[in-house]
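For reference, the structure is listed below as structure tokens.
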Amino acid sequence: MNIQLLNQNIADAKKDITLVYMSEKDLKKSKNKKALKLAGFKATQDSVCFLHNKNILACGIESFTADDIRCVSSVAIRALKNTKYTSANVSIDDKALIPALVEGFVLGGYTYENYKSKKSTTTLKDISLIYTKDDYKSAIKIFSDAVIIADSTCFTRDIVNTTPEDLNPETFAKLAKKLAKENNLGCTVLDEKGLKKENCTSMLAVGRASRHESQLIHLSYKPKNAKKVVNLIGKGLTYDSGGLSLKPGTSMVTMKMDKAGACAVLGIIKAASEMKLDVEIHAFVGAVENMIGGDAYKPDDVLVSRNGKTIEVRNTDAEGRLVLADVLDYAQDKVKADYMFDFATLTGACMVAVGQYTTGVMGHSSALKHSLGKAAVNAGELTASLPFNKHLKKQLKSEIADICNISNKPYGGAITAGLFLDAFIKEENKEKWLHFDIAGSAYTESPWDVNGYGGTGAGVRFMSEFLKSLS
Ligand code: BES
Ligand code: ZN
Ligand code: ZN
């Protein structure tokens, strides 16, 4: 499906069908009011109604806000894909709403059919946004950035949705190299030999029972005259069985998504490089598979992490933090950055705390949390700040090592996981760092907002928005 922004009179635009957005108030004034009412259309949020004889698809919204437009646009595109129309258009006079339309159409229309022998077909080829104002040049920049970000979000979704057999640590490294080649990025990969040399023993322990070698991937985008340097770190568990602290069967299903943080980080560097942002970006990914076997790491093990701290393992299912401990330390040593953000499907507890639609945000800098919160609102993603405190920190105390990989109390698990990561953030970087727990927001088995089934691409939009604000 091709999406374009045109600057012409809506009446001159070639199309099969026109999308008309309306609230209940607008419906009362509509010249098609009678026909729409007859069809049972009430213009409530996310309701759509075809008037085939008028070539109109009416789309119900509560108000003309980006959130409402984005959401109904995804309903509209799904409805359109089931028809025989080949082209659709929509008139827009507020350029601030262009990203919402693009996200609604591109993300709402996304499906993943790689493993279906019979792919679905649609006749819908073109969607045109008809921009009716004069400042077309600035509108086209907004439009093309929105398309890049939406496409990168789909790229992230594709990787998340790939099976653990097809996407294991080694194939993840191959995919990263391919992205680097296509987008002109720097790329270095440490395999297990390299990881040993770098003393990433904590990360290596997690992947030891896997038949795939763990990989630490570093992608870099270095534009000339970069205004800032940003480190992105992603949890890339291509499968999380729980290890010897094995997950129950039903909880294990969907754990191919435990690489979503790493996939987000790849999507973000892809978007930033295609938008040609003036920001230097480094993406670090710890790609590991957490399995069982005679060689598996164990509860009761004590691991020596890359920064020298010793970690008592009491649960092998709290593995993401063990991988991130080493990758965070490696990233801080390799690149001196102005900001450092990690993305991880780290805890089920985060979903308990904030629900499955919201990304949990943790860190020490209130100002930085505020900036990211603002970026998320603008990008149409949900985030919520989870506060650190010294009492929760004590729950990670170990009797035999420097720190324990799980908390000794059952509450506040998302925050104690964040505090575990904090133990691996160098003093000079404390205020530069945020941790995003995307355990709930990265994957869905029932549709919500612009998300269908599977990976959502959580993090790509809000971080791209934040990076744009730096450039
Ligand atoms: N990958 C999981 C977290 C997760 C759970 C992500 C559900 C998405 C959906 C993580 O490695 C994990 O298993 N965490 C444990 C931590 C516990 C052992 C302290 C959890 O959340 O139960
Ligand atoms: Zn786990
Ligand atoms: Zn995990």
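Only this structure's heavy atoms are used, side chains among them; waters, hydrogens and symmetry mates stay out. First listed ligand is number 1; within each ligand, the first listed atom is number 1.
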**Report entry** Lys/Arg N to Asp/Glu carboxylate O, Asp240 vs Lys256, below 4.0 Å
**Finding:** no
Report summary line: Restricting Asp240 to its N/O/S atoms, the closest one to the Zn ion (ligand 3) is OD2
Query raised in the report: Is a side-chain donor or acceptor of Asp338 paired with a backbone partner of Val229 at a separation under 3.5 angstrom?
Result: yes
**Report entry** Lys222 side-chain N/O to Ile281 backbone N/O, donor-acceptor pair under 3.5 Å
**Finding:** no
Query - Mode of Leu346 contact toward ligand 1 - side chain, backbone, both, neither (heavy atoms, under 4.0 Å) - result: backbone
**Report entry** Residue part near ligand 1, for Lys259, under 4.0 Å between non-hydrogen atoms
**Finding:** neither
Report task. Look at atom 16 (C) of ligand 1 and say which protein heavy atom is nearest, naming residue and atom and giving the distance to 0.1 Å. Result -> Arg321 NH2, 3.9 Å
Query raised in the report: In the protein, what heavy atom is nearest to atom 20 (C) of ligand 1, and what distance, to one decimal place, separates them?
Result: Gly348 N, 4.0 Å
Modelled atom types, side-chain donor and acceptor of [X] and [Y], under 3.5 Å:
| X | Y | result |
| --- | --- | --- |
| Asp166 | Tyr115 | yes |
| Asn168 | Thr238 | no |
| Asn408 | Gln395 | no |
| Ser220 | Glu280 | no |

Query - Rounded distance [0.5 Å steps], NZ in Lys177 versus OG1 in Thr188 - result: 10.0 Å
Query - Separation between CH2 of Trp433 and CD of Gln332, rounded to the nearest 0.5 Å - result: 9.5 Å
Query raised in the report: Got more than 12 heavy atoms from elsewhere within 6.0 Å of CD, Glu428?
Result: yes
Considering only heavy atoms of [X], which atoms of ligand 1 have at least one such atom less than 4.0 Å away?
| X | value |
| --- | --- |
| Lys235 | 1 (N), 10 (C), 11 (O) |
| Met351 | 7 (C), 9 (C) |
| Asn315 | 18 (C) |
| Thr345 | 1 (N), 2 (C), 3 (C), 6 (C) |

Report task. Please find the N/O/S atom of Glu319 nearest to the Zn ion (ligand 2) and write down its name. Result -> OE1
Query raised in the report: Quick check: does Lys235 have an N/O/S atom under 2.8 Å of the Zn ion (ligand 3)?
Result: yes
From [atom], work out which of [options] has a heavy atom at the shortest distance.
| atom | options | result |
| --- | --- | --- |
| atom 19 (C) of ligand 1 | Ile406, Val206, Val323, Asp317 | Ile406 |
| atom 8 (C) of ligand 1 | Glu319, Met257, Gln356 | Met257 |
| atom 6 (C) of ligand 1 | Gly243, Ser241, Ala417, Ala439 | Ala439 |

Report task. Measure the shortest side-chain to side-chain distance between Asp342 and Leu232 over non-hydrogen atoms and say whether it is less than 4.5 angstrom. Result -> no
Query raised in the report: From Asp258, does some N, O or S atom reach closer than 2.8 Å to the Zn ion (ligand 2)?
Result: no
Query raised in the report: Does any N or O atom in Asp240 lie less than 3.5 angstrom from one in ligand 1, N or O only?
Result: yes
Query - Flag: protein heavy atom within less than 4.0 Å of atom 1 (N) of ligand 1 - result: yes
